[in-house]
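What follows is a single structure, written as structure tokens, with notes after it.
All values reported here derive from a predicted model rather than from experimental measurement. Both counts, for ligands and for their atoms, begin at 1 and track the order of listing.
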Amino acid sequence: MKLQSLRLTDFRNHADTILEPCEDINLLLGKNAQGKTNLLESIYLLSRGQSFRARRDAELIRFGCDAAQLDAKLSDGKRDCMLSIRLGARRQTLLNGIRQKRASDAAGLFHVVLFRPEDLGLVRGASSQRRRFLDTALSQLRPLYGELVNEYTRLHAHIVRILRDREPAMLGTLDDFYYRLCCVGARMIPYRASFCTALTELTEKYHADISGGEALSVRYETVSTVRDLSASPTELGRALWEHYIAHKEASLRSGNVLTGPHRDDLVFTIDGQNAREYASQGQVRTAALACKLAEREIFTRADRTPPVLLLDDVLSELDAARRAYVLRGITGGQVFITACDVKPGEVAARRVFTISGGRVCRQEGET
Ligand code: ATP
Ligand code: MG
């Protein structure tokens with residue numbers, strides 16, 4: 001699905017904005033605080049049913065207004081559809097004029113992959129950010145995986161309570177709950193391992209392309225007693241249990257769940273050095289972007305259509321060759337790139353929109 005038109009009414013600082021993007025590269029240019037990220041946020045909201053930065057719908061409604069409205073026309077070349085979200089006292093989602101029961105019902109009608117400056121944390125930040133990235137992408141691709149993550153999270157929270165409260169009766173159930181945690185974890189690992197195999201190969205390829213040959217490598221790390229990622233869930237469960245038993249006393253002493261796939265990680269190295277400690281700003285940005293392009297390709301293979309790619313402020317800190325890759329080298333699918341400015345001759349986008357004061361004040365490119 002591609003976005004054919006978008007109308008925002010009283011969404012963030014957009015009082016009444018109409019955007020008619022092209023089917024490939026769209027560049028959203030503008031000074032700081034004009035409403036570029038707000039536009040990407042609206043597209044993300046239409047796709048996922050939630051914002052990537054607001055906790056409450058009220059934050060998305062223009063200051064002083066009671067409601068906001070997003071109307072999008074989408075097309076996959078064969079069929080068109082109209083998706084609308086109204087944000088107010090209650091949220092309403094309409095697909096082709098038909099009200100959806102739950103706000104999430106229309107989520108997933110089209111996929112988006114978003115890069116934003118916070119994603120530099122994929123390389124440099126805490127491991128929880130990398131696990132969130134894996135879990136979010138995999139839950140969209142494999143709904144069963146999402147259910148496993150929910151079950152794992154529930155069991156993990158329960159075990160944390162047992163360890164913290166230290167009630168003797170509850171401590172007696174610790175092994176039972178941990179056994180269940182191992183069983184669910186053992187079913188999650190194969191999903192993560194196979195996703196990471198594809199992610200690793202593609203991320204390494206994209207990183208080399210963008211950087212002109214730097215050797216990035218990405219490795220999936222799970223519990224150390226898991227020696228064979230292709231083992232059966234029964235064997236994986238046994239390996240997780242073995243690790244738990246070895247660390248049970250330490251878990252009881254510390255009050256923390258010290259072992260399990262909730263501590264899995266992805267390790268990035270560039271030319272043999274750990275990227276978290278040694279990579280430059282531009283290298284970190286390139287690796288994070290490569291990761292997102294890899295995610296986009298994995299979704300394209302699964303859906304047979306590329307997701308809409310949203311690149312927020314991706315160009316800063318990149319040298320001319322890396323900027324050229326972003327502006328010219330990303331092909332096959334609809335892309336939205338925000339930037340404060342581009343150098344003359346750099347633009348390869350078919351449509352360039354200038355955003356100012358919450359309005360599209362200029363549109364260049366063929367229509
Ligand atoms: P930058 O280049 O700095 O990232 P930007 O063009 O991406 O800038 P946005 O993040 O889209 O800027 O935000 C533009 C403005 O929207 C901000 O100045 C903010 O104050 C304003 N804004 C955010 N929420 C609302 C709202 N609910 N109502 C009105 N204005 C809002
Ligand atoms: Mg912005």
Exercise. Exactly which residues line ligand 1, taking a heavy atom under 4.0 Å from it as the test?
Worked result: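 Contacts of ligand 1 under 4.0 Å: Arg12, Asn13, Lys31, Asn32, Ala33, Gln34, Gly35, Lys36, Thr37, Asn38, Arg53, Glu59, Ile61, Arg62, Phe63, Cys340.
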Pairs of donor and acceptor atoms involving the side chains of residues 108-120, under 3.5 Å and at least two apart or interchain, shall be tabulated with distances.
residue	atom	partner	partner atom	Å
His111	ND1	Asp303	OD2	2.6
Arg116	NH2	Phe52	O	3.3
Asp119	OD2	Arg116	N	2.9

Show me the donor-acceptor pairs within less than 3.5 Å that the side chains of residues 323-333 make with the rest of the protein, sequence neighbours left out.
residue	atom	partner	partner atom	Å
Arg323	NE	Glu346	OE2	2.7
Arg323	NH2	Glu346	OE1	3.0
Arg328	NH2	Gly345	O	2.7

Exercise. With distance as the sole test, does Arg192 use its side chain to make a donor-acceptor pair with the main-chain N or O of Thr222 at under 3.5 Å?
Worked result: no
Problem set entry | Donor-acceptor pair, side chain of Asp228 and main chain of Ser230, under 3.5 angstrom |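 Checked: pair present.
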Cut-off 3.5 Å, side chains only: do [X] and [Y] have a donor facing an acceptor?
| X | Y | answer |
| --- | --- | --- |
| Thr200 | Arg219 | no |
| Gln4 | Glu20 | no |
| Thr234 | Arg238 | no |

For this session: Report the protein N/O/S neighbours of the Mg ion (ligand 2) that fall below 2.8 Å; do not count waters.
Result: Thr37 OG1
For this session: Report the C-alpha distance between Arg55 and Glu59 in whole Å, list the side-chain angles of each, state the deciding distance to 0.1 Å, and finish with yes or no for salt bridge (charged side-chain N to carboxylate O under 4.0 Å, His left out).
Result: CA-CA 8 Å; Arg55 293 229 186 99; Glu59 292 171 41; over 6 Å; no
For this session: Quick one: sort the Trp241 and Tyr244 rings into parallel, tilted or perpendicular, breaks at 30° and 60°.
Result: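 Tilted: the ring planes of Trp241 and Tyr244 meet at 30° to 60°.
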